[in-house]
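Below: the structure, in structure tokens.
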There are 2 protein chains.
Amino acid sequence: MTAQPERKAQLIDATIQELGATGSLSVTVGQIAKRAGVSSALAFHYFGDKDRLFLAAMRHILAVYGAEVRAALKEAGSPRERLDGTIRASFSKTSFRHDVIAAWLNFYVLAHRSDEARRLLGVYHRRLHANLVHDLRPLAGSRAPEIARRLAALIDGLYLRFVHFPRDEAEDSASAHVLAALDAELKALP
Amino acid sequence: MTAQPERKAQLIDATIQELGATGSLSVTVGQIAKRAGVSSALAFHYFGDKDRLFLAAMRHILAVYGAEVRAALKEAGSPRERLDGTIRASFSKTSFRHDVIAAWLNFYVLAHRSDEARRLLGVYHRRLHANLVHDLRPLAGSRAPEIARRLAALIDGLYLRFVHFPRDEAEDSASAHVLAALDAELKALP
DNA sequence: GCACTGTTTGACTGGTCAATCAATAAATCT
DNA sequence: AGATTTATTGATTGACCAGTCAAACAGTGC
């Protein structure tokens, strides 16, 4: 999946950057190609059309995010530490890079009309859910899936809010909110 | 604000519908005008440019949402009932109309680069927050604002998820999740 | 019946853009 | 070395679109 020609990677990077610069999917393939230092025809040669170029960029972002989560989990021991890692990875510096933000926002829009984009979004959802459930199970037993669903939605919702109204301590503040919700859920367990 | 010619309202409706039909902000003023049964020049005459037309549409959606919240609150007595009303209004049938969904998703994108859109989004945030805090206060005292922040983010996050992966019982299921989170927060109070 | 004001349009412009294509260069194979 | 595939581009096309403008139209007051 990542053994492609150099140019493909350049174009994907340029897509993300250009998306961040203009903020909408109406970026032109020409602008992207220019930033990548190649002709626009090459972008079409490799990706077929604009949508597939953008989807490739989104897959790349999700791959990077997945790697960050895995890295965070590797250093965690207890379920509680692992949950903390999963949550913090969702609010990592990378996630708050303004080009990554723009990609995510436009991805949500695209997922509403493109089947492939929705499928990709589903992959992200399931991965996050599975991670949360795995480490909630020892703490919450059969209530784990239900609580995981709420924590996942809370993560997305907080992300959206910090994206539009950023603060310096977004990373910590957002994580703290999710952990507080987790504690409340656990404390309230029967 | 709404004592303007009928045509303005028609154009706003058409904007929302066309946005729902194509799913992205790249709808053309021509398409919108055609759906409204007028010439595109008229849209420019009334709204100046495309962005302002879209913002007017979004203001309309927020106004309808606000009215739904107010209606739900009118029938509620206890703080708990009022919270339930606020939450259910956020997941009303209207909010899940597919053209309203498309408008919200694109609104999030726009809010990332347009000051006026972000300002509008801030209005929505503050209104929701204020409503939640008002009715949480008797139940959670000084912790009300903090909990309200989480519930608001949870509402947005759940909305996003049900929007992309709809279920028949979305309305009830989403509300139930928020209420469950509320109960957990209250039960966990010191 | 005239002046005035707001409404509405058709025609136009200047520009943009996704996608294609024919052609060249470079690499790989046989 | 000749054949075949892959990488890459410049030029082009055909459609489309935001925004402008001058003019036609309709109502209102006088």
Side-chain angles (χ1 to χ4, degrees), chain A residues 1-58 60 102-103 106-107 109-110 113-117, chain B residues 1-59 102-103 106-107 109-110 113-117:
Chain A
M1 198 207 265
T2 328
Q4 336 145 331
E6 190 65 13
R7 292 299 148 96
K8 266 190 155 176
Q10 282 178 283
L11 279 164
I12 285 174
D13 279 354
T15 302
I16 298 169
Q17 286 173 39
E18 200 63 26
L19 207 54
T22 74
S24 96
L25 279 184
S26 65
V27 284
T28 77
V29 178
Q31 289 169 330
I32 293 170
K34 190 174 175 184
R35 188 183 284 261
V38 299
S39 76
S40 75
L42 192 64
F44 286 103
H45 173 69
Y46 278 128
F47 294 96
D49 61 26
K50 199 178 148 182
D51 274 2
R52 266 175 287 184
L53 172 55
F54 181 65
L55 282 172
M58 204 58 221
H60 180 250
N106 284 282
F107 182 46
V109 170
L110 195 60
R113 71 191 137 104
S114 148
D115 286 343
E116 178 60 13
Chain B
M1 195 207 270
T2 325
Q4 293 293 329
E6 190 66 13
R7 292 300 150 96
K8 263 190 156 176
Q10 283 178 316
L11 280 165
I12 287 175
D13 278 352
T15 302
I16 298 170
Q17 286 174 37
E18 200 63 26
L19 207 55
T22 74
S24 97
L25 278 184
S26 64
V27 284
T28 75
V29 178
Q31 289 169 330
I32 293 170
K34 191 173 174 184
R35 187 182 284 263
V38 300
S39 77
S40 74
L42 192 65
F44 286 104
H45 177 249
Y46 279 126
F47 293 95
D49 61 25
K50 198 177 147 180
D51 273 2
R52 264 174 290 182
L53 172 54
F54 181 66
L55 283 172
M58 204 58 221
R59 262 191 292 271
N106 283 283
F107 182 48
V109 170
L110 195 61
R113 70 192 137 101
S114 148
D115 286 342
E116 178 59 12

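Sequence lines set the chain letters: A, B, ... in the order given, protein chains first and strands last, and positions in each chain run from 1.
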**OP:** Using a 4.5 Å cut-off on heavy atoms from C-beta on, say whether the side chain of B/Leu55 contacts that of B/Leu110.
**Re:** yes
Original post:
Would you say a side-chain N or O of A/Tyr46 is under 4.0 Å from OP1 or OP2 of D/dT6?
Top reply: no
Subject >> Overall bend - the helix from C/dG1-D/dC30 to C/dT30-D/dA1, comparing terminal axes fitted on five pairs, nearest 10 degrees >> reply: 20°
Original post:
So what does A/Thr28 touch, heavy atoms closer than 4.0 Å: a base, only the sugar-phosphate, or nothing?
Top reply: sugar-phosphate
**OP:** Could you check how far NZ of B/Lys8 sits from P of C/dT7, rounded to whole Å?
**Re:** 9 Å
Subject >> DNA chain D-proximal residues of residues 19-26 of chain B, any heavy atom under 4.0 Å >> reply: none
Original post:
Taking only residues two or more places apart in sequence or in another chain, which ones pass side chain to side chain donor-acceptor pair (under 3.5 Å) with B/Ser26?
Top reply: B/Ser24
**OP:** Among residues two or more places apart or on two chains, list those pairs meeting salt bridge (Lys or Arg N to Asp or Glu O under 4.0 Å) that have a residue in residues 28-44 of chain A.
**Re:** A/Glu18-A/Arg35
**OP:** Applying side chain to side chain donor-acceptor pair (under 3.5 Å), name anything that partners B/Ser114, two or more places apart in sequence or on another chain.
**Re:** none
With 3.5 Å as the limit, what N/O pairs link the protein to nucleotides 19-23 of chain D?
{"residue": "D/dG19", "atom": "OP2", "partner": "B/Lys50", "partner atom": "N", "Å": "3.1"}

Original post:
Taking CG from A/Leu42 and C1' from C/dT20, how many angstroms apart are they, rounded to a whole number?
Top reply: 14 Å
Original post:
With A/Tyr46, which residues qualify under side-chain contact (heavy atoms from CB on, under 4.5 Å), at least two apart?
Top reply: A/Pro5, A/Arg7, A/Lys8, A/Leu11, A/Leu42
Subject >> Residue B/Gln31, side-chain atoms from C-beta onward, closest of D/dC17, C/dT7, C/dC17 >> reply: D/dC17
Original post:
Over how many whole Å does the gap from B/Arg52 atom CZ to D/dA18 atom C1' extend?
Top reply: 13 Å
Original post:
Nearest-Å distance, CD (A/Gln10) to P (D/dA7)?
Top reply: 14 Å
Subject >> A/Glu18 CD - C/dC17 C1' separation (whole Å) >> reply: 14 Å
Subject >> Counterpart residues, side chain to side chain donor-acceptor pair (under 3.5 Å), relative to B/Ser40 (two or more places apart) >> reply: none
Subject >> Residues in salt bridge (Lys or Arg N to Asp or Glu O under 4.0 Å) contact with B/Asp49, at least two apart in sequence or another chain >> reply: B/Arg52
Original post:
Do the non-hydrogen side-chain atoms of B/Val27 and B/Phe54 ever get within less than 4.5 Å of each other?
Top reply: no
Subject >> For B/Phe107, ring-ring contact (aromatic ring centres under 6.0 Å, His included) partners two or more places apart >> reply: B/Trp104
**OP:** Nearest 0.5 Å please: distance from the CG atom of B/Leu53 over to the CG atom of B/Leu19.
**Re:** 10.0 Å
Original post:
Could you state the CG-P distance from A/Leu11 to D/dT9, rounded to the nearest angstrom?
Top reply: 9 Å
Original post:
For the pair made of NZ in B/Lys34 and P in D/dC16, what is the distance, rounded to whole Å?
Top reply: 11 Å
Subject >> side chain to side chain donor-acceptor pair (under 3.5 Å) partners for B/Ser39, two or more places apart >> reply: none
**OP:** Check whether any side-chain N or O of A/Arg7 sits under 4.0 Å from OP1 or OP2 of D/dA7, and answer yes or no.
**Re:** no
